[in-house]
Amino acid sequence: MSKILNGCTLLEEWSSPYGVDGKSINYYDPHANKWYQTWISASGDILRYEGKLVGGAMHFEGQGVNLDGSTELSRMTFTPLKDGEVRQFIERSTDNGATWSVFFDGTYVPATARLGDK
């Protein structure tokens, strides 16, 4: 994750274990009092989220559009953990929210912890 545009925007660059890369642009709109994220993969998948801080965790909800034109709902939570770690939990629904399945559940660790400098 890096700050861009004079710190007004966060850029996330990621790679999946399946060989797909992507980016997300994250920003806060003070007029709407909401965070926004647009998530785009190299395979053409697009997700648009909006969210806010609730109870110490960042909650996002959005809708994705797949290459075949189908849509799905998505909800995502970033929860701070110990030592600067953050859990990201994503669920998706293909039936307009009637049922949800886990799409991603992972923990981010500060780069210094990954390098053993902790």
Side-chain angles (χ1 to χ4, degrees):
M1 182 91 54
S2 57
K3 293 179 184 179
I4 59 173
L5 303 173
N6 295 323
C8 295
T9 304
L10 299 172
L11 173 65
E12 176 188 21
E13 300 180 80
W14 53 269
S15 297
S16 79
Y18 310 107
V20 177
D21 296 328
K23 298 187 186 315
S24 70
I25 301 287
N26 302 266
Y27 64 94
Y28 179 73
D29 181 344
H31 303 290
N33 195 30
K34 291 183 183 177
W35 279 88
Y36 293 91
Q37 181 185 92
T38 300
W39 182 97
I40 305 165
S41 77
S43 60
D45 298 312
I46 298 171
L47 281 161
R48 292 180 182 93
Y49 289 102
E50 63 178 54
K52 59 185 174 179
L53 194 62
V54 177
M58 181 60 89
H59 294 266
F60 284 97
E61 293 183 356
Q63 183 173 7
V65 179
N66 300 311
L67 285 177
D68 63 4
S70 64
T71 60
E72 58 188 41
L73 298 177
S74 184
R75 56 189 182 195
M76 173 172 59
T77 303
F78 291 95
T79 306
L81 304 172
K82 62 178 175 49
D83 299 327
E85 297 177 355
V86 175
R87 178 183 183 212
Q88 181 182 19
F89 183 71
I90 303 172
E91 295 176 290
R92 292 204 174 153
S93 173
T94 56
D95 56 9
N96 207 31
T99 60
W100 293 87
S101 61
V102 175
F103 177 75
F104 179 81
D105 188 0
T107 301
Y108 295 94
V109 255
T112 54
R114 285 194 319 245
L115 299 174
D117 295 337
K118 195 173 177 183

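Summarising the geometry, atom CD belonging to Glu72 is positioned 6.5 Å from atom CG belonging to Leu47; distances are rounded to the nearest 0.5 Å. Remark: Tyr27 OH to Lys34 NZ distance equals 11.0 Å, nearest 0.5 Å. For the atom pair CH2 of Trp14 and OH of Tyr108, the computed distance is 9.5 Å after rounding to the nearest 0.5 Å. Once rounded to the nearest 0.5 Å, the distance linking CZ of Phe104 with CZ of Arg92 reads 11.0 Å.
Below 30°, between 30° and 60°, or above 60°: for Trp35 and Tyr28 the angle between ring planes is between 30° and 60°, a tilted geometry.
Linking Ile, Leu, Val, Met, Phe, Trp and Tyr whenever their side-chain heavy atoms come within less than 4.5 Å puts Ile90 and Met58 in one cluster. Linking ILVMFWY side-chain heavy atoms closer than 4.5 Å, directly or via other members, places Leu11 and Ile40 in two distinct hydrophobic clusters. Grouping the Ile, Leu, Val, Met, Phe, Trp and Tyr side chains by contacts below 4.5 angstrom, directly or via other members, places Val102 apart from Met76. No path of Ile, Leu, Val, Met, Phe, Trp and Tyr side chains, each step under 4.5 Å between heavy atoms, connects Ile46 with Val20, placing them in separate hydrophobic clusters.
Side-chain contact check for Leu73 versus Trp100: some heavy-atom pair is nearer than 4.5 Å. A 4.5 Å side-chain heavy-atom check between Thr38 and Lys23 finds every atom pair outside the cut-off. Side-chain contact between Ser74 and Phe60: absent, with no pair of heavy atoms (C-beta onward) separated by less than 4.5 Å.
More than 12 heavy atoms of other residues, nucleotides or ligands lie within 6.0 Å of CG in Asp29, so this atom counts as buried by the packing criterion. More than 12 non-hydrogen atoms from other residues, nucleotides or ligands lie less than 6.0 angstrom from CZ of Arg75. In the displayed structure, Glu61 atom CD is contacted under 6.0 Å by at most 12 heavy atoms of other residues, nucleotides or ligands.
Applying the ring-ring contact (aromatic ring centres under 6.0 Å, His included) test to every pair with at least one member in residues 76-95, sequence neighbours left out, gives no pairs at all.
A distance-only check finds no donor-acceptor pair linking the side chain of Asn66 to the backbone of Asp68 [under 3.5 Å]. With hydrogens and angles disregarded, a donor-acceptor distance shorter than 3.5 Å links the side chain of Ser93 to the backbone of Thr99.
For the residue pair Thr77 and Thr79, no side-chain donor N or O sits within less than 3.5 Å of a side-chain acceptor on the partner. A donor-acceptor contact closer than 3.5 angstrom is absent between the side chains of Glu85 and Thr107.
In the hydrophobic clustering (ILVMFWY side chains linked at under 4.5 Å, chained through shared members), Val65 stands by itself.
Closest heavy-atom contact between Pro80 and Gly56: CD-O, 3.2 Å.
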